[in-house]
Amino acid sequence: MAGSTSRDVVGRGLAVLGRAIREQPRIFTVAVAGSVLFGSMVIASAYVVGAVVGDVVVPSIERGSVAAGTLALAAVALFGISVLRVVGIFGRRLGAGYMQYRLQAAYRRRVTRRYLELPLAWHHRNSTGTLLSNANSDVEAAWYPIAPLPFAVGTLVMLVGAVASLFVTDWALALVGLAVFPALFVLNVVYSRRMAPRQARAQRLRAEVSGIAHESFDGALVVKTMGREAQETSRFAGRAGELRDSLISVGRLRGVFDPMLETLPSLGTLAVLVVGTFRLRQGAIGVADLVSVAFLFTVLAFPVRAIGWVLAELPRSVAGWDRLRRVLDATGEMPYGDRELDPADPVPATLTFRDVSFAYEPAEAHLPGAEVLGEVSFTVPAGRTVALVGPTGAGKSTIASLAVRLVDPRSGTVTLDGVDVRELTSASLARTAALVAQVPFIFDDTVRANIALDRSGVSDDDVWAALRLAEADGFVAALPDGLDTMVGERGTSLSGGQRQRLTLARALAGRPRLLVLDDATSAVDPRVEAAILAGLRSADRAGGAPASILVVAYRRATIALADEVIYVEQGRVVARGSHTELLATVPGYADLVTAYEQAEVERVQEQPYDPEADPLHSGLEIEVDR
């Protein structure tokens with residue numbers, strides 16, 4: 001990729017800039033107009049200075065006196081040009097900055113929106129650090145050349161005007177200009193092509209460093225408990241060192257080319273003075289002409305660098321744009337339909353799986369995906385509770401994800417009230433079904449904000465009703481600021497069980513007609529879990545709780561509360577019936593439930609029950625390791 005980028009970086013980079021111009025044409029026009037005004041005044045200032053020297057200063061020296069009127073006129077001319085230059089600079093910088101930041105904001109929104117549109121399978125193949133880098137540093141890199149772009153375009157116009165004025169002044173001096181300006185452009189192109197692979201590698205390493213840092217911070221618990229601090233530090237330091245070396249390589253190349261780019265205009269000025277002096281002796285030009293051209297080369301040195309700035313940043317822009325396109329052009333989004341289920345329907349929803357098969361996409365596209373589910377069929381009748389039981393890896397969490405359409409089946413259908421979930425609108429699906437995941441996620445916000453989620457119609461009374469059903473009202477009331485208590489990033493100020501109950505309350509506050517619990521109460525005490533499930537079964541729609549429940553469960557007490565138990569092994573439904581029936585007729589089911597129950601008994605024996613520590617009595621949390 002580096003070789004390819006090196007060959008066509010200028011063309012691809014200009015295509016990226018062309019996209020920016022098409023998206024922000026008005027702002028770009030204002031910025032370029034300001035830049036052209038500035039360039040025109042630069043050329044004008046050169047000839048005004050030449051005129052002042054040739055027509056005012058030299059005659060005054062020869063006469064021994066200064067004509068006040070002429071001097072005042074020269075001062076007014078220079079002042080007027082300076083004012084117009086300031087106006088041009090203001091318009092150029094304001095327009096360029098406004099354009100750059102608008103593009104960055106727009107593409108951050110596009111990338112983030114695309115993240116939300118793409119399925120979980122795509123996210124599983126991309127690290128969080130890389131995704132953060134796409135939305136942040138890659139967006140900045142893609143549009144970084146926008147800042148000097150209007151200046152560079154105005155400079156091109158200025159160069160054309162300067163060359164034309166040189167030909168009007170003297171053909172010999174014009175030839176000097178024709179030699180210097182193309183040399184500057186060629187040098188910038190060579191510089192950009194050499195810079196391309198270095199910038200691409202640096203941009204990739206930025207994402208990798210971000211990914212390692214995020215992974216280490218996110219896995220802080222594992223790092224600390226497993227004593228991996230030194231290893232993680234070493235892993236991060238190694239990649240950070242590679243990024244450092246890559247950026248040093250970028251700086252080293254700049255250190256070689258920048259002096260050359262700065263020297264060429266100075267050499268041009270020197271050549272103008274040499275050739276101009278010769279032409280002055282021949283009488284082909286006057287003092288004013290020589291001063292004007294020399295001054296013009298002097299003041300052009302800085303604007304011409306704007307072209308170099310754009311070309312120098314094109315490799316970085318191309319690298320950032322390629323990484324953005326990988327997200328924006330990614331396929332696999334899950335389009336929603338246009339059908340709606342009645343949000344005011346008081347009847348709990350019926351969930352039906354019919355011959356559902358599913359396979360996760362492999363990490364490498366050319367490899368086949370391993371089948372997770374095969375021809376799964378079952379129904380959660382309206383108002384009933386169905387427990388999903390099976391060994392690890394049997395596909396229970398996948399079934400839960402399919403029920404709320406986090407993923408789509410490879411074949412078969414998942415329906416709510418007889419409607420394929422793929423035909424429902426996003427809003428209708430979110431109102432009808434809610435998933436409480438195995439790993440709770442809490443936002444760095446207040447308890448109220450975490451439960452209400454800014455949903456219209458969710459009042460404080462609804463929040464407290466949901467907390468009561470989730471057996472969380474006790475500990476929330478005991479918090480320093482109640483519903484206004486900040487819970488920290490990922491709910492760090494709460495225990496695992498408290499976080500699980502808050503996420504359950506969050507789902508209940510939306511009053512879904514189907515509630516899917518993916519082992520969502522594993523971190524709470526069995527007594528609290530039993531109270532929660534009993535409350536959900538007995539709650540009516542007025543209380544805000546759904547009556548249809550699909551629960552992934554292990555504990556005997558949880559399973560026994562279900563109206564029906566579905567036992568799955570290796571992605572297939574092996575048996576269904578009541579807990580008592582399966583316990584007597586399905587050996588695998590009996591072994592699984594008995595093994596977990598025995599583990600619970602041993603845990604309780606090692607840690608006898610203390611009434612004062614029971615969350616139902618004191619609001620304290622007891623963590624359960626599974």
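Heads up: numbering here begins at 1 and tracks the sequence. Note that the structure is predicted; figures quoted are calculated from it, not measured. Keep in mind that the numbers below use all heavy atoms, side chains included, and drop hydrogens, waters and symmetry copies.
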Mind listing the closest non-hydrogen atom pair of [X] and [Y] along with its distance?
X    : Y    : value
V310 : P145 : CG2-O, 4.2 Å
T503 : I442 : CG2-CD1, 3.7 Å
M486 : D444 : CE-O, 3.8 Å
A20  : L103 : CB-CD1, 3.5 Å
A142 : G320 : CB-C, 4.1 Å

Determine yes or no for a side-chain-to-main-chain donor-acceptor pair under 3.5 angstrom, with [X] supplying the side chain and [Y] the backbone.
X   : Y   : answer
S35 : A31 : no
T29 : P25 : yes
S45 : V42 : yes

Axial cation check for F151 ring with R92, 6.0 Å and 45° limits: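 So R92 does make the cation-pi contact.
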
Taking salt bridge (charged side-chain N to carboxylate O under 4.0 Å, His left out) as the test, write out the residues that go with [X], two or more places apart.
X    : answer
R235 : E215, E232
R422 : D420
D329 : R325
R244 : none

Side chain to side chain donor-acceptor pair (under 3.5 Å) against R110, all qualifying residues, sequence neighbours excluded: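 Side chain to side chain donor-acceptor pair (under 3.5 Å) list for R110, sorted by chain: E23, Y107.
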
Residue list, side chain to side chain donor-acceptor pair (under 3.5 Å) with T112, at least two apart or on another chain: none

Side chain to side chain contact (heavy atoms under 4.5 Å, CB included) involving S40 - partner list, sequence neighbours excluded: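 Result, side chain to side chain contact (heavy atoms under 4.5 Å, CB included) vs S40: V36.
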
A449: side chain to side chain contact (heavy atoms under 4.5 Å, CB included) partners, not counting sequence neighbours: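 Expected list: D445, T446.
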
Within residues 42-51 or reaching into it, pairs that qualify as salt bridge (charged side-chain N to carboxylate O under 4.0 Å, His left out) - sequence neighbours excluded: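 Of all non-adjacent pairs touching residues 42-51, none passes salt bridge (charged side-chain N to carboxylate O under 4.0 Å, His left out).
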
Qualifying residues under ring pair (Phe, Tyr, Trp, His ring centres under 6.0 Å), relative to F167, sequence neighbours excluded: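 Checked F167 against ring pair (Phe, Tyr, Trp, His ring centres under 6.0 Å); zero matches.
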
Partner residues of F278 under the ring pair (Phe, Tyr, Trp, His ring centres under 6.0 Å) criterion, sequence neighbours left out: none

F28 and V153, any side-chain heavy atoms less than 4.5 Å apart: yes

Where at least one partner belongs to residues 95-105, residue pairs that pass side-chain hydrogen bond (donor to acceptor under 3.5 Å, both in side chains), sequence neighbours excluded: Q24-R102

